[in-house]
Novice: 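Take this structure, written in structure tokens, and hold onto it; I'll ask about it next.
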Amino acid sequence: MGKPTGYLEYRRVENPFRAELDRLRDYNDLHEALPTQLRHIQASRCMGCGVPFCQSHYGCPLHNLIPEWNDLLCRGREREALARLIKTASFPEFTGRVCPALCEKACNLSTEGASTNRDNELYLIEEGFRRGWIAPKPPARRSGKRVAVIGSGPSGLAAADRLNRMGHSVVVIERADRPGGLLTYGIPNMKLPKEIVARRIRFMEAEGVQFLLNTHADPELLDEFDATILCGGARRARRLNVPGEEMGGVCLAVDFLTENTKALLERRAPTISAHGKRVIIVGGGDTGNDCVGTCLRQGCADLIELEMMPAAPRLRANDNPWPEWPRTLRTDYGQLECAQVFGRDPRLFETTILRLHPNGSGDIERATIARLKRQPDGKLAPIMDTAREVGCELLIIAAGFLGCEAETADAFEVKRTPRGYPETLNQSHQIRDRLFTAGDFRTGQSLVVRAIADGRACADEVNVYLMKK
Ligand SMILES: Cc1cc2nc3c(=O)[nH]c(=O)nc-3n(C[C@H](O)[C@H](O)[C@H](O)COP(=O)(O)OP(=O)(O)OC[C@H]3O[C@@H](n4cnc5c(N)ncnc54)[C@H](O)[C@@H]3O)c2cc1C
């Protein structure tokens with residue numbers, strides 16, 4: 001505990017957001033960094049708790065040594081703090097930007113203003129890169145074992161990184177034209193600038209990891225490599241199941257976000273655009289919010305976001321005590337930006353789509369929406385006399401994900417549980433001899449930090465398997 005009275009003397013200050021109307025003009029980082037001196041002060045607010053819930057299973061899935069590196073950071077011993085951080089965290093530059101910071105919700109100070117662990121982590125890793133404290137270090141010796149990792153999202157990258165450092169030769173196979181999974185094609189640039197992902201890929205390549213892009217994984221890999229890890233994500237999107245879903249102007253959130261990022265990186269106009277259109281986004285979660293922020297930057301004419309569920313309470317309910325993740329109403333950056341542009345929160349809660357109506361060319365022109373009510377049997381049903389038509393030239397489906405894609409799972413003869421998750425041996429990461437899995441492919445859609453933790457845990461299992469052979 002760098003300063004025993006830090007949490008009493010200083011209030012929590014996060015990295016500030018850039019002003020809404022300013023940041024809406026570009027896709028650059030949403031936040032600005034605090035100066036170093038203020039960062040040290042923020043680290044001094046960490047209480048170094050005897051029982052640090054931040055690193056327990058309620059908090060950080062990586063079990064980051066948060067009180068230890070906050071203490072070192074507060075004393076200005078930044079290089080040592082970084083060394084403690086990267087003992088458990090594979091990619092702090094990703095989690096420092098996009099993690100919802102479970103550790104801060106579990107912090108003993110959370111009701112008074114938790115310590116700013118995520119911003120502190122980001123500061124340490126960026127200082128590390130800037131000051132050359134971390135540099136690629138290929139392993140001194142190779143084990144002679146070869147591992148194929150299918151998918152280059154955070155779980156695949158974490159597994160590849162760890163196995164490579166253990167001395168195994170790793171090839172990452174990715175069907176997309178750029179590596180990173182949802183870090184590249186999913187999470188928008190303003191939340192995670194793509195040069196940050198590219199920097200880590202270059203770092204891993206310099207340490208000896210090989211990336212094969214534009215390549216679909218083939219089951220023959222199982223014979224070619226000593227172990228193969230399926231890290232293909234949970235891309236099977238939930239559909240609306242309303243007539244007309246296939247018409248022009250209706251698309252899936254990840255397709256929309258991917259095309260926008262590709263266009264940004266290739267300096268061209270996106271082929272799917274909200275520019276000048278009235279947009280409906282179906283889904284009030286994080287993915288829906290990223291679509292809100294992207295549509296606003298593209299210059300949409302109007303925007304609503306439909307959410308089936310009622311708005312969460314403003315305060316924790318009695319059955320949701322600290323240190324659990326608070327199930328309370330959150331208003332994210334896109335929704336705040338929408339309030340600036342259109343003077344209102346875009347979300348309509350307990351509302352769904354009933355029908356889509358095409359124009360003369362077969363593209364979407366209007367949609368019928370209606371309020372929902374929970375029935376005695378627990379199901380949600382539309383209240384028909386609330387049905388109304390709204391104009392819509394672009395409808396984006398951000399209604400969640402249903403698990404791993406059947407094509408990859410079937411190609412590798414992976415049996416699935418009734419809920420669609422791969423069946424593994426004794427709930428480990430191993431599917432059968434030579435075949436393993438990690439990340440969203442194994443667990444269903446989750447978080448970057450959980451995918452990284454799962455990739456690391458899988459790498460440890462694969463290492464034991466390889467060394468026993
Ligand atoms: C729009 C959006 C925004 C999000 N924002 C956040 C956020 O802010 N914070 C957060 O913590 N989490 C966020 N998430 C969740 C997070 O991105 C995922 O949980 C995480 O990326 C999962 O990592 P993964 O490695 O398991 O899979 P993915 O990131 O999905 O990567 C899987 C990769 O496997 C490749 N692949 C699949 N099949 C094959 C095959 N047969 N051959 C070759 N390659 C294949 C895919 O192309 C892909 O690149 C977001 C998710 C979405 C959709």
Side-chain angles (χ1 to χ4, degrees), residues 30 60-62 90-91 94-102 118 148-161 171-192 197 201 211-219 221 228-238 252-258 260-261 281 283 285-294 330 332-334 396-401 403-412 414 422 429 437-456 458:
L30 294 168
C60 179
L62 290 164
S90 302
F91 313 121
F94 304 156
T95 41
R97 286 182 169 86
V98 304
C99 191
L102 309 163
R118 184 182 52 190
V149 174
I150 297 166
S152 63
S155 64
L157 292 181
D161 181 55
V171 181
V172 178
I173 294 154
E174 170 58 59
R175 66 184 174 192
D177 59 348
R178 290 185 175 87
L182 288 169
L183 298 170
T184 298
Y185 290 143
I187 300 177
N189 199 71
M190 54 272 189
K191 259 164 75 179
L192 179 57
V197 184
I201 302 295
F211 287 86
L212 285 185
L213 303 178
N214 299 306
T215 310
H216 269 268
D218 188 313
L221 293 170
T228 297
I229 312 177
L230 292 173
C231 296
R235 300 295 185 92
R236 201 152 47 87
R238 182 178 284 119
L252 294 174
V254 172
D255 295 343
F256 171 71
L257 294 167
T258 298
N260 190 64
T261 299
I281 296 163
D286 293 345
T287 303
N289 175 66
D290 286 337
C291 294
V292 172
T294 303
R330 282 188 304 137
D332 213 334
Y333 73 96
I396 303 173
I397 305 170
F401 298 88
C404 61
E405 289 164 311
E407 294 81 1
T408 309
D410 289 344
F412 283 83
V414 175
H429 291 81
T437 178
D440 284 6
F441 194 91
R442 185 178 88 92
T443 63
Q445 183 71 224
S446 184
L447 292 173
V448 168
V449 68
R450 290 212 176 98
I452 295 173
D454 210 48
R456 287 173 66 97
C458 179

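Sequence positions, counted from 1, serve as the residue numbers for this chain. Both ligands and their constituent atoms are indexed starting at 1 by order of listing. Owing to the predicted nature of the structure, the values given are computational and were not obtained by experimental measurement.
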Novice: Give me the nearest non-hydrogen protein atom to atom 2 (C) of ligand 1 as residue plus atom name, then the distance to 0.1 Å.
Specialist: T287 OG1, 3.7 Å

Novice: So which atom in E174 and which in S152 form the shortest heavy-atom distance, rounded to 0.1 Å?
Specialist: OE1-OG, 2.8 Å

Novice: About how many Å separate CZ of R236 and CD of E407, when rounded to the nearest 0.5 Å?
Specialist: 9.5 Å

Novice: Taking 4.0 Å as the limit for heavy-atom contacts, which would you say applies to T408 with ligand 1: side chain only, backbone only, both, or neither?
Specialist: side chain

Novice: For atom 43 (C) of ligand 1, what is the nearest protein heavy atom, given as residue, atom name and distance?
Specialist: R175 N, 3.3 Å

Novice: Quick one: pull up CZ in F412 and CD1 in I150 and give me the separation to the nearest 0.5 Å.
Specialist: 3.5 Å

Novice: Spell out, as yes or no, whether a donor-acceptor pair under 3.5 Å connects the side chain of D440 to the backbone of G233.
Specialist: no

Novice: Tell me the contacting part of Q445 for ligand 1: side chain, backbone, both, or neither, using a 4.0 Å heavy-atom threshold, strictly below.
Specialist: side chain

Novice: What is the closest protein heavy atom to atom 37 (C) of ligand 1, and at what distance does it sit?
Specialist: G232 O, 3.3 Å

Novice: Show me which atoms of ligand 1 lie under 4.0 Å from any heavy atom of I173.
Specialist: 43 (C), 44 (N)

Novice: Would you check the N or O atoms of V449, main chain and side chain alike, for any that come under 3.5 Å of an N or O of ligand 1?
Specialist: no

Novice: Hey, could you give me the CD1/CD1 distance between I281 and I397, rounded to the nearest 0.5 Å?
Specialist: 12.0 Å

Novice: List every atom of ligand 1 that sits less than 4.0 Å from any heavy atom of A451, numbering the atoms from 1 in the order shown and giving each element.
Specialist: 22 (C), 23 (O)

Novice: Which residues pass the ring pair (Phe, Tyr, Trp, His ring centres under 6.0 Å) test with F256, not counting sequence neighbours?
Specialist: none

Novice: Would you compute the distance between atom CZ of R175 and atom NE2 of H216 and round it to the nearest 0.5 angstrom?
Specialist: 6.0 Å

Novice: Decide side chain to side chain contact (heavy atoms under 4.5 Å, CB included) for T408 and F441; before the verdict, give the C-alpha distance in whole Å, the side-chain angles of both, and the deciding distance to 0.1 Å.
Specialist: CA-CA 10 Å; T408 309; F441 194 91; 4.2 Å; yes

Novice: Does the N or O separation between G186 and ligand 1 drop below 3.5 Å for any pair?
Specialist: no

Novice: Between ligand 1 and L257, can you find any atom pair, the residue atom being a heavy atom, that is separated by under 4.0 Å?
Specialist: yes

Novice: Testing the 3.5 Å rule here: is there a donor-acceptor pair between the side chains of Y185 and N260?
Specialist: no

Novice: In terms of atom number and element, which parts of ligand 1 are under 4.0 angstrom from non-hydrogen atoms of F401?
Specialist: 53 (C)

Novice: So between R178, R450, K191, E407, whose heavy atom ends up nearest atom 8 (O) of ligand 1?
Specialist: K191

Novice: Among protein heavy atoms, which sits nearest to atom 7 (C) of ligand 1, and what does the distance come to when rounded to 0.1 Å?
Specialist: V98 O, 3.6 Å

Novice: Look only at interatomic distance and state if E174 has a nitrogen or oxygen under 3.5 Å from any nitrogen or oxygen of ligand 1.
Specialist: yes

Novice: Salt bridge or not for R330 and D286, using N-O below 4.0 Å?
Specialist: yes

Novice: Calculate, to the nearest 0.5 Å, the distance between atoms CG and OG1 belonging to L257 and T294 respectively.
Specialist: 5.0 Å

Novice: What are the atoms of ligand 1, with element, lying closer than 4.0 Å to any heavy atom of G233?
Specialist: 27 (O), 30 (O), 32 (C)

Novice: C99 to ligand 1: N or O pair under 3.5 Å?
Specialist: no

Novice: Is T95 touching ligand 1 with its side chain, its backbone, both, or neither, if touching means heavy atoms under 4.0 Å apart?
Specialist: neither

Novice: Are any of the N/O atoms on V254, whether in the backbone or the side chain, positioned under 3.5 angstrom from an N/O atom of ligand 1?
Specialist: no

Novice: Need the ligand 1 atom indices (1-based, order shown) with element for anything under 4.0 Å from a heavy-atom of S446.
Specialist: 15 (C), 19 (O)

Novice: Check D290 against ligand 1 and report side chain, backbone, both or neither, counting heavy atoms closer than 4.0 Å.
Specialist: side chain

Novice: Test of understanding: with salt bridge (Lys or Arg N to Asp or Glu O under 4.0 Å), list the residues that count as partners of D218, not counting sequence neighbours.
Specialist: none

Novice: Tell me: protein heavy atom nearest atom 34 (O) of ligand 1, and distance?
Specialist: G151 CA, 3.2 Å

Novice: Among G439, A101, S155, whose heavy atom sits nearest atom 24 (P) of ligand 1?
Specialist: S155

Novice: Name the option, out of P154, P188, G181, that contains the heavy atom nearest to atom 21 (O) of ligand 1.
Specialist: P154

Novice: Given L252, D332, I187, which has its nearest heavy atom closest to atom 6 (C) of ligand 1?
Specialist: I187

Novice: Any non-hydrogen atom of T215 lying under 4.0 Å from ligand 1?
Specialist: yes

Novice: Minimum heavy-atom separation for P422 and V414, please, with both atom names.
Specialist: CB-CG1, 3.6 Å

Novice: Starting from atom 29 (O) of ligand 1, which protein heavy atom do you reach first, and at what distance in Å?
Specialist: L182 N, 3.0 Å

Novice: Which option out of V172, D440, I150 puts a heavy atom nearest to atom 22 (C) of ligand 1?
Specialist: D440

Novice: Examine distances only and state if a side-chain atom of T184 and a backbone atom of P179 form a donor-acceptor pair shorter than 3.5 Å.
Specialist: yes

Novice: What heavy-atom pair brings A160 and V172 nearest, and what distance separates the two atoms?
Specialist: CB-CG2, 3.7 Å

Novice: If I take atom CZ from residue R442 and atom NE2 from residue H429, how far apart are they, to the nearest 0.5 angstrom?
Specialist: 3.5 Å

Novice: Using a 3.5 Å distance criterion without hydrogens, assess whether the side chain of N289 forms a donor-acceptor pair with backbone atoms of G334.
Specialist: yes

Novice: Quick one: look up the protein heavy atom nearest atom 16 (C) of ligand 1 and list residue, atom name and how far away it is.
Specialist: V448 CG2, 3.8 Å

Novice: Determine, using heavy atoms of A253 and all atoms of ligand 1, whether some pair is separated by less than 4.0 Å.
Specialist: no

Novice: What part of Y185, side chain from CB on, backbone N/CA/C/O, both or neither, has a heavy atom under 4.0 Å from ligand 1?
Specialist: neither

Novice: What protein heavy atom lies closest to atom 42 (N) of ligand 1? Include the residue and the distance to one decimal.
Specialist: A217 N, 3.1 Å

Novice: Hey, is the main chain of L213 close enough, under 3.5 Å, to the side chain of T215 for a donor-acceptor pair?
Specialist: yes

Novice: Does R235 have a heavy atom less than 4.0 Å from any atom of ligand 1?
Specialist: yes

